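Report on one structure; see the data block that follows.
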2 protein chains.
Amino acid sequence: MAQGRVLVVAATHGNERNAPWLLEQWRQRPQQLASAGVDLALEIGNPEALAANRRYIDRDLNRSFAPDLLQDPARTELEVQRARQLLAQFGPEGHQPCSVAIDLHSTTSAMGNSLVVYGRRPPDLALAAGVQARLGLPVYLHEADAVQTGFLVERWPTGLVIEVGPVPQGLVSASICRQTQLALEACLAVLAEARAGQLRLPEALCVHRHCGSVDLPRHGDGTPAAALHPQRQHRDWRPLADGDPLFWCADGTVTRFAPGAMTQPSGANPAARWPVFINEAAYGEKGIAFSLCVRERWPCEPGWIDALAAL
Amino acid sequence: MAQGRVLVVAATHGNERNAPWLLEQWRQRPQQLASAGVDLALEIGNPEALAANRRYIDRDLNRSFAPDLLQDPARTELEVQRARQLLAQFGPEGHQPCSVAIDLHSTTSAMGNSLVVYGRRPPDLALAAGVQARLGLPVYLHEADAVQTGFLVERWPTGLVIEVGPVPQGLVSASICRQTQLALEACLAVLAEARAGQLRLPEALCVHRHCGSVDLPRHGDGTPAAALHPQRQHRDWRPLADGDPLFWCADGTVTRFAPGAMTQPSGANPAARWPVFINEAAYGEKGIAFSLCVRERWPCEPGWIDALAAL
């Protein structure tokens with residue numbers, strides 16, 4: 001593996017158009033991106049979906065990197081083939097090997113400028129802690145959810161998602177672009193510092209750890225019986241109190257929050273009160289009105305920096 | 001024509017999901033919609049596009065009602081066929097004839113709760129003035145734009161669009177639903193008053209009259225060279241001053257407003273300073289970053305009420 005090349009992916013989802021627009025600007029004028037001396041590979045994740053202005057063609061590319069799926073020759077969906085192709089070209093053992101993957105996303109949820117980390121790999125935690133120390137970004141830590149697997153960055157030795165919102169699908173917003181670039185530049189600066197032996201981490205990393213997801217109430221035929229309550233809209237990262245309104249029916253009926261009663265797979269945790277990805281347009285088909293997290297403070301470990309510096 | 005049946009259309013664009021969700025609620029519980037005694041036909045405009053969560057399948061249904069297009073047997077796109085079908089069923093001479101069409105839309109632009117009127121038909125102006133007097137909604141009056149024709153409501157004796165935003169495509173928002181219902185109920189109440197001989201209009205109707213549209217700066221290959229400037233985002237209905245920033249390049253370059261210099265078809269009007277449909281996601285493909293209006297005060301004419309009452 002070439003020491004240190006970083007894969008930057010835009011348009012893993014074809015209707016999230018801010019990052020691919022930015023990426024095109026950086027290709028034309030590389031000096032516009034402060035890369036901290038890091039060698040980059042800039043790549044469009046799903047060109048066909050981008051051209052069609054759709055999240056995906058056959059299936060969600062960012063749920064198509066599960067090893068079982070990649071190794072099954074019977075799976076020939078466009079996105080499974082594209083996942084194999086990305087790994088063959090930019091994977092750790094690829095033609096242009098990359099050791100780090102940064103995947104640029106946007107969302108209709110009010111996630112602000114945020115990071116998504118998958119599991120607890122030490123270099124991921126070092127990267128997230130370094131960026132959080134610089135910019136104060138919230139971190140959503142996704143793990144242990146059997147219905148949501150196969151994320152792109154999991155197939156690289158380290159990597160995370162930069163997730164910025166709210167912005168409608170299909171739209172370029174200058175402020176979303178600015179935030180995306182700011183977070184990416186912070187990632188690259190932290191990585192460069194780690195390699196130079198100069199990275200210092202804060203005492204602790206604050207994570208919002210995924211516990212499960214909550215669906216809309218639905219009729220027997222699967223159609224939504226209610227909408228998200230207006231008091232929940234754009235309230236990502238703000239903890240729910242017992243009895244807070246969650247869903248609103250057109251007849252005025254309101255469903256309220258009861259901690260521990262409504263999430264899968266680990267909804268019994270009464271501390272799971274922090275909602276994220278509230279009313280993300282793409283998650284309707286996944287049966288997710290929002291996900292619920294516990295907020296935790298994880299002391300930064302010295303080994304994290306070493307793990308990142310080695311990549 | 002049956003006296004007075006009103007056609008209410010939702011999902012003329014399949015990824016505008018608030019109105020079709022509401023319509024489904026009203027079908028299940030008609031008492032949830034205050035119809036003022038008006039006989040209604042509730043109809044999904046483009047069921048195929050709704051199922052696919054796309055604006056359209058072959059072409060924009062709300063640009064498919066131009067008489068030339070409808071009468072051309074060589075035009076067999078799904079949306080042209082659907083337009084013919086809607087007219088055959090609900091048109092003024094249809095099987096279930098309707099005299100009024102209300103077309104429910106949503107937008108990624110911050111249009112708030114607003115009305116769109118096409119041309120200067122007296123009953124449309126009566127309806128808009130009556131709703132404006134009740135709710136204060138702004139009115140966008142669209143006319144004389146050869147590149148934007150074939151709107152649904154133009155094929156009914158009277159009709160207008162209720163346009164509510166901002167909301168991402170593909171998403172149901174409770175507050176967007178509430179506003180949509182409020183505007184529709186106001187339309188029906190005004191219509192019922194007119195029929196009962198009880199409608200009183202204000203002295204004048206305030207309209208924002210369409211003068212033309214402004215596209216993003218583009219590279220030679222057609223890709224956008226700039227994004228909307230962040231100071232313009234969500235500033236619909238607020239007049240531009242000379243020199244206001246319009247577009248932002250990733251290198252920091254800013255394009256500024258020069259009145260009368262940039263719109264088509266009638267951009268020479270220096271009073272065209274009121275932007276609408278700013279950064280509507282669906283208008284990228286139409287080459288529209290925003291449209292520009294003049295703001296005018298039109299004294300209400302007594303004949304308007306009579307024209308509406310007759311329908």
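Naming convention: chains lettered A, B, ... in sequence-line order (proteins, then strands); numbering from 1 in each chain. Given the structure is predicted, the values throughout are model-derived calculations rather than measurements. Heavy-atom basis, side chains included; hydrogens, waters and symmetry copies ignored.
Among Cys177(B), Gly252(B), Pro230(B), Ser173(B), the residue making the largest number of heavy-atom pairs under 4.5 Å with chain A is Pro230(B). Per-residue counts of heavy-atom pairs under 4.5 Å with chain B were compared for Gly170(A), Ala227(A), Ala174(A); the largest is that of Ala174(A). Counting heavy-atom pairs under 4.5 Å between each of Ser175(A), Cys249(A), Pro168(A), Ala225(A) and chain B puts Pro168(A) at the top. Annotation: maximal heavy-atom pairing with chain A below 4.5 Å, among Leu228(B), Asn18(B), Asp251(B), occurs at Asp251(B). Among the candidates Gln233(A), Arg178(A), Gln181(A), His229(A), the residue making the largest number of heavy-atom pairs closer than 4.5 Å to chain B is Arg178(A). Between chain A and the residues Glu285(B), Gln28(B), Glu24(B), Arg54(B), the largest count of heavy-atom pairs under 4.5 Å involves Gln28(B).
Interface with chain B: from residues 55-64 of chain A, no residue qualifies, criterion being any non-hydrogen pair under 4.5 Å. Heavy-atom neighbours of chain B within the stretch residues 234-243 of chain A, taken at a separation under 4.5 angstrom, are nonexistent. Contacts of residues 275-284 of chain B with chain A at a heavy-atom distance below 4.5 Å involve Asn279(B), Glu280(B), Ala281(B), listed in sequence order.
Among all heavy-atom pairs drawn from Leu50(A) and Ala11(A), the shortest one is CD1-CB, 4.1 Å. The shortest non-hydrogen separation linking Leu188(A) to Ala36(A) is O-CB, 3.8 Å. Minimum interatomic distance between Ser291(A) and Ser213(A) (heavy atoms only, all atoms of both residues): OG-OG, 2.8 Å.
For chain A, the nearby part of Gln25(B) is the side chain; its heavy atoms alone come within less than 4.5 Å. Residue contact with chain A, scored on non-hydrogen atoms closer than 4.5 Å, involves the side chain of Trp21(B) exclusively. No part of Pro166(A) comes within reach of chain B, as not one of its non-hydrogen atoms sits under 4.5 angstrom from that chain.
A distance of 13.0 Å separates OG1 of Thr255(A) from CG of Asp244(A), quoted to the nearest 0.5 Å.
Between Leu182(A) and Leu135(A) the shortest side-chain heavy-atom distance falls below 4.5 Å.
The side chain to side chain contact (heavy atoms under 4.5 Å, CB included) test applied to Pro30(B) returns no partner, not counting sequence neighbours.
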